[in-house]
> 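Mind having a look at this structure? Questions to follow.
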There are 4 protein chains.
Amino acid sequence: MDSSTAPARDGRPDGTEYGTPRRGRPRSEAVDQAIMDAVERLMAGGSSLAELSMEGVAQAAGVGKATVYRRWPNKEALLIDVVRRLEEPEPELAGESARDDLVALLDFLRRRGLAKRSRWILKAALSQMGSLPALQSLYQERVVRRRQELAREVVRRGVASGEFRSDVDLDLLVEILVAPMLVRSVLWQDAPLDDPRLSELMVDTAMQGVAAPAAG
Amino acid sequence: MDSSTAPARDGRPDGTEYGTPRRGRPRSEAVDQAIMDAVERLMAGGSSLAELSMEGVAQAAGVGKATVYRRWPNKEALLIDVVRRLEEPEPELAGESARDDLVALLDFLRRRGLAKRSRWILKAALSQMGSLPALQSLYQERVVRRRQELAREVVRRGVASGEFRSDVDLDLLVEILVAPMLVRSVLWQDAPLDDPRLSELMVDTAMQGVAAPAAG
Amino acid sequence: MDSSTAPARDGRPDGTEYGTPRRGRPRSEAVDQAIMDAVERLMAGGSSLAELSMEGVAQAAGVGKATVYRRWPNKEALLIDVVRRLEEPEPELAGESARDDLVALLDFLRRRGLAKRSRWILKAALSQMGSLPALQSLYQERVVRRRQELAREVVRRGVASGEFRSDVDLDLLVEILVAPMLVRSVLWQDAPLDDPRLSELMVDTAMQGVAAPAAG
Amino acid sequence: MDSSTAPARDGRPDGTEYGTPRRGRPRSEAVDQAIMDAVERLMAGGSSLAELSMEGVAQAAGVGKATVYRRWPNKEALLIDVVRRLEEPEPELAGESARDDLVALLDFLRRRGLAKRSRWILKAALSQMGSLPALQSLYQERVVRRRQELAREVVRRGVASGEFRSDVDLDLLVEILVAPMLVRSVLWQDAPLDDPRLSELMVDTAMQGVAAPAAG
DNA sequence: CGATAACCGAGACGGTACGTCGAGTCTTGGC
DNA sequence: GCCAAGACTCGACGTACCGTCTCGGTTATCG
């Protein structure tokens, strides 16, 4: 299992497993946490991502700079793990109906969108990633792609089971089903997300289509 | 009034009018342009917002640093004016059928996503330029909101004319119809955009729905 | 005239002349001095050369690190200029008699040896050079070689004028005349140097030889 | 008593005796030697005292850093023991003629200057190891002073036997006879030392003096 | 027309942070 | 208790930009 796509608590930030025997003094997990705690503390203290310095993080964590760099090669990699630690774990999908799984997936995105607004650390971290493109693409690779593939897999299953149309390109199918929630939770700033039935509504509406029903 | 939100074509970047008589040698407008050109060139060259340095901009523009700072107090203010300069024309909508107008709207998005010149704006400015809040809100206000309203208006018309369902919240309707292209052109990094029939396909599929047709 | 062999006050530490017109804001001579003053102050405060850090020098001088590095590429080069500033200027040689010039030269070495003991900054700087070989070889090149050549020139003149033997290799001649003072002032730690007639005595004794005069 | 001035061959570098019974696994003498070998190897490879790092020494010796620090508290103490190990036997003097003994003494210096192995000791340890005062004073005491006294004794004998002038201060006599070789072998960087008759030449020339012989 | 004042390129200035390296100490598992 | 390995805190290294400042020199406009 590749730890780099797994939640941080399953393995070391740098991908080595905690159980793996190593030579020499092992890295302290307490230090891992102290560093990430320090990042959260600084962000909560009002710093922007750009103001956040490795120097400051190390100092706030009571740790040498080298100790930070031993775990994460740069600010981006560190921030990804901090953000991962902040996010809810992805939903376990029951796998019975593709429609239900899709609703669960969208609802995860919805809750995440809400959290991004309420827990402004997440908001700051996620929205400020744009100015650190390495962070963005790393996050893309480690987190976003995984969810994309999850969605594709669910939709593929839905096509096979006869729930979804089979005469449309899979990518397009995925986009129509997932994009509405993605846009509302990520792109648009103030769209409402608190209705817990929103996910159901979106999936079902996308399935039925938005054309007016044929008369008669 | 904050000069950084005033339209560029109305005056100097720093809010002074070109016609205003001053003592001494007046600022060269050519220099304004050279600096903004340099920013675009650097960004088009693949730099990120974080990599973009005032030092580098000045050098690329063949200009002293003080000359840049004389016009813009910081990187953010400079970028705002550069983004303003990039502003693209809105799509012209025929207004005959809501479905056709929507296709035109989506195709505008598609073509913009393909355009290399504005790519960095799409990435940096639209989706995640949270670290430059003034830039973000400017762009949000002047570009995003207007197109949102355009889309809402078209869909509203479609509902009135009986093209679209009337039993669904308008916002949801808009999202289902527009989000797929928005996601593909802005959020997903290398999604294919070159098929000119993509916009049609998206609108029509969203209208028909993606559920498998009922058997029999 | 090569400023790098001239005393520091004839030119910039980095070899550029003060009079040379340059573009941009010229370097401040006051800063040159402030930096070298700071080095002296720190050394006088009891630091060893190894403890002396560029970081500390910059701070003590109230100057940015870059400002130090703009003038001197490394600690060695800076220290050389500090030492040069501390040393007495080399003697002007009258040129009338080679013997007298040699005495003057040796007396310069003698006084320098005394200074090295009384002004312990000089002592520390000169004696600790060994651990900074780059400094040593730079000093060798810029200061020592110059004096060596001066001595050779004087002795060569003495041979030509018939003051010194001509049947002996020039290098050997120089060594026999100069080495005694060199050893006493540089190598041996506690040898007496305060007798102002020592230089005369050394040159004259070396000239006459130390063999017992033939009997009869 | 400072263990670092105790003779190495009498006990462990840190002053513990080899024979002393202790609890647990005893220190390996092979490791002592491996570490000191590594220092010599690195220095012979052209490193300077400043470049020599404990880190590098441990690695070159294939030894943990703690193992080095268990024996020597710092770089200086380690170097002292390495220098001690390098110490060369003193020249044996026949004692027949003072002039011949002096030639033998100078030739010992000459050959040592040629020896590549002890070159770094000559440079680093002898002439300018001021930054390691303990090393300097140890070497001064144990090596330099004894040879100085040896030279003084020989010259004193030469004065008594009528070989050397008796109207000159003994120190001055010694310096004139010994300094030329000392300077050439220690102070001047690349002076030629390979002529085996150099020592003879130096002593004889110094004895005869370098003044031109009186005419007629 | 000449003075004046703001402009211009260049680059020095005091700072802050970068990512690396070594010092000397501590902590593993194994001998 | 020794050993190799390597993590730990600390502090300096030399570089890059920040935003400000000071040079010599260049235009416009005003008197």
Side-chain angles (χ1 to χ4, degrees), chain A residues 21-28 30-31 50-59 61-75, chain B residues 21-28 30-31 34 50-59 61-75, chain C residues 21-28 30-31 50-59 61-75, chain D residues 22-28 30-31 50-59 61-75:
Chain A
R22 283 168 149 250
R23 281 197 291 198
R25 175 175 173 181
R27 296 201 186 140
S28 153
V31 169
E51 285 164 15
L52 196 74
S53 70
M54 292 298 253
E55 199 112 12
V57 169
Q59 186 152 17
V63 140
K65 257 201 293 182
T67 298
V68 181
Y69 280 106
R70 203 173 289 124
R71 281 146 223 268
W72 296 278
N74 48 49
K75 198 165 22 175
Chain B
R22 285 170 158 239
R23 234 182 286 261
R25 174 176 173 181
R27 291 199 191 144
S28 152
V31 169
E51 285 164 16
L52 194 76
S53 70
M54 293 298 253
E55 198 110 15
V57 169
Q59 184 150 22
V63 138
K65 265 203 290 181
T67 300
V68 181
Y69 280 104
R70 203 174 287 125
R71 282 146 222 265
W72 295 277
N74 50 47
K75 190 161 39 167
Chain C
R22 284 169 150 250
R23 281 197 292 195
R25 176 175 172 180
R27 297 204 185 139
S28 152
V31 169
E51 286 163 15
L52 197 75
S53 70
M54 293 298 254
E55 198 111 15
V57 169
Q59 185 152 20
V63 141
K65 258 201 292 183
T67 299
V68 181
Y69 281 106
R70 204 173 286 125
R71 282 145 223 270
W72 295 278
N74 47 49
K75 195 162 30 171
Chain D
R22 285 171 160 236
R23 237 183 282 263
R25 173 172 171 183
R27 290 197 192 148
S28 151
V31 170
E51 286 165 15
L52 194 74
S53 70
M54 292 299 254
E55 197 111 14
V57 169
Q59 184 150 22
V63 138
K65 264 205 288 182
T67 301
V68 180
Y69 280 105
R70 203 172 288 126
R71 282 146 222 268
W72 296 278
N74 50 48
K75 190 159 42 167

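All of these numbers come straight from a predicted model, not from anything done at the bench. Chain A is the first sequence line, chain B the second, and so forth, proteins listed ahead of strands; every chain is numbered from 1.
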> State whether C/Arg71 places a side-chain N or O below 4.0 Å from either non-bridging phosphate oxygen (OP1 or OP2) of E/dC13.
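It does, given that an N or O in the side chain of C/Arg71 lies less than 4.0 Å from OP1 or OP2 of E/dC13.
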> Toward the 5' end of DNA chain E, which comes first, C/Val63 or B/Arg25, by nearest nucleotide?
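Looking at the nearest nucleotide for each, B/Arg25 comes out on the 5' side.
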> Between B/Ala61 and B/Ala34, what is the shortest heavy-atom contact and its length?
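That would be CB-O, 3.7 Å.
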> Whole angstrom is fine here: how far is it from CD in B/Gln59 over to P in F/dA16?
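Rounded to whole Å, this separation is 12 Å.
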> Suppose we screen for side chain to side chain donor-acceptor pair (under 3.5 Å). Which residues come up paired with A/Gln59, at least two apart in sequence or across chains?
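Scan of A/Gln59 (side chain to side chain donor-acceptor pair (under 3.5 Å), adjacent residues dropped) gives none.
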> C/Arg70 has an atom CZ; how far is it from atom C1' of F/dA16, in whole Å?
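In whole Å, F/dA16 C1' and C/Arg70 CZ are 12 Å from each other.
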> Just how far is it from atom CZ of B/Arg27 to atom CZ of B/Arg70, taken to the nearest 0.5 Å?
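The distance works out to 6.5 Å.
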> Please confirm whether the backbone N or O of B/Ala58 pairs with a side-chain atom of B/Lys65, one donor and one acceptor, at under 3.5 Å?
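Not a single qualifying donor-acceptor pair exists.
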> With nearest nucleotides of DNA chain F determined for A/Val31 and D/Thr67 from heavy-atom distances, which residue corresponds to the more 5′ nucleotide?
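That would be D/Thr67.
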> Tabulate protein N/O versus nucleotide N/O from nucleotides 20-24 of chain E, keeping only pairs under 3.5 Å, one per line.
| residue | atom | partner | partner atom | Å |
| --- | --- | --- | --- | --- |
| E/dA23 | OP1 | D/Met54 | N | 2.8 |
| E/dA23 | OP2 | D/Met54 | N | 3.1 |
| E/dA23 | OP2 | D/Glu55 | N | 2.8 |
| E/dG24 | OP2 | D/Tyr69 | OH | 2.7 |
| E/dG24 | O5' | D/Tyr69 | OH | 3.4 |
| E/dG24 | N7 | D/Lys65 | NZ | 3.0 |
| E/dG24 | O6 | D/Lys65 | NZ | 2.7 |

> Quick one: is F/dA4 close enough that its OP1 or OP2 comes under 4.0 Å of any side-chain N or O from A/Arg23?
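Negative; the distance criterion is not met.
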> Check whether any side-chain heavy atom of B/Val31 sits under 4.5 Å from a side-chain heavy atom of B/Arg71, and report yes or no.
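Yes, side chains in contact.
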> What distance do C/Asn74 atom CG and C/Tyr69 atom OH have between them, rounded to the nearest 0.5 Å?
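Going from CG on C/Asn74 over to OH on C/Tyr69, the span is 8.0 Å.
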